[in-house]
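Naming convention: chains lettered A, B, ... in sequence-line order (proteins, then strands); numbering from 1 in each chain.
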Protein chains: 2
Amino acid sequence: MPGGRPRAFDPDVALDHALELFWRQGYEGTSLSDLTAAMGINKPSLYAAFGTKEQLFAKALDRYVNGPGAFAAEALAATTVREVVERLVKGAVELTAGRDTPPGCLNVNTVHACGPDAAPVRELALACRMAGEVALRRRLERAPDLPSGHDPATMARLVHTITDGIAVQAAAGRTREELHAVADLALRTLLPD
Amino acid sequence: MPGGRPRAFDPDVALDHALELFWRQGYEGTSLSDLTAAMGINKPSLYAAFGTKEQLFAKALDRYVNGPGAFAAEALAATTVREVVERLVKGAVELTAGRDTPPGCLNVNTVHACGPDAAPVRELALACRMAGEVALRRRLERAPDLPSGHDPATMARLVHTITDGIAVQAAAGRTREELHAVADLALRTLLPD
DNA sequence: TCAGTTATGTACCGATCGGTATGAAAATAA
DNA sequence: TTATTTTCATACCGATCGGTACATAACTGA
């Protein structure tokens with residue numbers, strides 16, 4: 001069983017570069033030429049290793065969710081509602097306005113990729129969002145310390161709305177420090193001591 | 001002074017169709033062919049009447065801000081902080097999840113048009129956002145009824161963050177009714193009676 | 001050394017992109 | 001009518017899009 005010519009690139013770091021580019025320029029705004037240039041490979045190699053641009057994006061999105069975006073799922077393990085929400089909101093600031101990553105959120109960006117041929121990846125992003133929000137709602141539903149009068153579903157949606165807004169603000173150029181101040185105020189009003 | 005051949009279309013309704021299309025598909029996702037089809041004219045006529053795709057988008061954005069988005073500037077004239085914020089947040093729901101308009105917000109969409117050739121229109125959208133937020137901050141700075149301990153600048157940014165989040169949620173398919181519930185909860189926590 | 005296999009580099013595919021040259025059509029002014 | 005002006009319709013421009021054919025290079029196993 002022969003081995004063939006070895007790869008001249010590391011698929012993992014190539015995928016990281018693709019993620020970085022999609023994150024910064026969006027799905028529609030990133031061309032195959034951009035990708036091959038950033039990944040240091042040419043188109044046939046890209047296609048052989050990752051498939052279509054759409055399939056490559058799916059892999060990049062998965063890497064995003066389980067890498068920089070993993071804090072969101074982990075936050076639900078916190079003991080108090082307060083801590084869950086705080087980790088979600090502050091984590092959103094770090095994710096979208098962090099120093100070594102592109103501004104904004106890949107998922108939120110993708111929701112706004114409304115072109116006709118971006119529909120499949122948009123569906124991926126929507127499914128991803130839906131899953132995250134259902135998980136948060138379930139967490140709030142079984143929380144004994146949820147403030148009275150707060151419907152878990154609506155509360156989950158409000159938290160999600162605020163993290164979405166943080167992503168937009170970051171994409172629009174708002175700094176990490178400014179957004180942490182916004183997050184602090186949001187937490188104070190949302191869950192007063 | 002001869003008159004020449006008359007136009008076979010109404011520039012105002014043509015611009016409305018262009019706005020609708022940009023709103024629904026984004027700047028990058030909308031091609032000139034899409035535009036000419038929706039506006040009922042062909043490319044030379046479009047170019048003669050509105051200029052470049054970029055210039056056409058600028059006109060559409062202006063129409064958006066002074067039409068469906070005019071509530072934002074008008075909300076600042078309300079007498080109480082409570083009413084200002086309520087009109088902004090509820091107005092955002094109506095704008096982005098209204099029945100007869102595309103889901104989402106043209107301005108927020110445009111912020112996420114990160115492709116290289118969308119940079120000029122992105123700058124337009126950013127300037128528009130900045131102006132709106134400065135106006136809200138100024139309004140809050142001279143408000144005697146702002147809750148104590150609330151920095152006007154941070155408060156303005158939080159309100160803007162929430163309306164941005166509402167736009168994302170609407171673009172992701174959340175319904176008008178769900179978003180009104182979210183907006184109600186946001187108002188209740190942000191400015192408790 | 002020599003198949004067999006996999007990856008690489010180049011050059012190209014049809015389709016579409018935003019934008020335009022060109023000439024006919026439709027109006028006014030003389 | 002005739003000259004002038006403006007718009008309309010078609011057809012086309014070079015560039016780029018995502019994706020691929022094809023030949024060569026680099027490896028393993030016999």
Could you check whether any side-chain heavy atom of B/Leu19 comes within less than 4.5 Å of a side-chain heavy atom of B/Leu106, counting everything from C-beta outward?
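They are in contact (side-chain heavy atoms under 4.5 Å apart), so the answer is yes.
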
So do the side chains of B/Met39 and B/Thr36 get within less than 4.5 Å of each other, counting heavy atoms only?
no

Go through the side-chain N and O atoms of B/Asn107 and B/Thr110 and say whether any donor and acceptor fall under 3.5 Å apart.
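The answer is no; no qualifying pair exists.
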
Can you see whether B/Asp164 engages B/Thr161 through a side-chain donor-acceptor pair at a distance of less than 3.5 angstrom?
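On atom types as modelled, these side chains do not qualify, holding no pair under 3.5 Å.
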
By the definition side-chain contact (heavy atoms from CB on, under 4.5 Å), identify the one residue from B/Ile166, B/Val108, B/Val168 that meets it with B/Thr96.
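Among B/Ile166, B/Val108, B/Val168, the one meeting side-chain contact (heavy atoms from CB on, under 4.5 Å) with B/Thr96 is B/Ile166.
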
Cation-pi between B/Lys53 and B/Tyr27: NZ/CZ under 6.0 Å from ring centre and within 45° of the ring axis?
yes

Find the distance A/Phe9:CZ to C/dG9:C1' and express it as a whole number of Å.
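My rounded result for the distance is 14 Å.
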
How long is the line joining CZ of B/Arg7 and P of D/dC8, in whole Å?
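Atom-to-atom, B/Arg7 to D/dC8, this comes out as 7 Å.
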
Hey, is the side chain of B/Arg5 pairing donor to acceptor with the base of C/dA25 inside 3.5 Å?
yes

Taking only residues two or more places apart in sequence or in another chain, which ones pass salt bridge (Lys or Arg N to Asp or Glu O under 4.0 Å) with B/Arg99?
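In terms of salt bridge (Lys or Arg N to Asp or Glu O under 4.0 Å), with neighbours along the sequence ignored, B/Arg99 is linked to B/Glu177.
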
Within 6.0 Å of CZ in A/Arg138, more than 12 heavy atoms from elsewhere
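No, because the 6.0 Å sphere around CZ of A/Arg138 holds 12 heavy atoms or fewer from other groups.
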
Which of residues 41-63 of chain B sit near DNA chain D, with a heavy atom under 4.0 Å from it?
B/Asn42, B/Pro44, B/Ser45

Does any residue of residues 24-38 of chain B have a heavy atom under 4.0 Å from DNA chain D, and if so, which ones, in number order?
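The stretch gives none, as no residue of it lies under 4.0 Å from the strand.
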
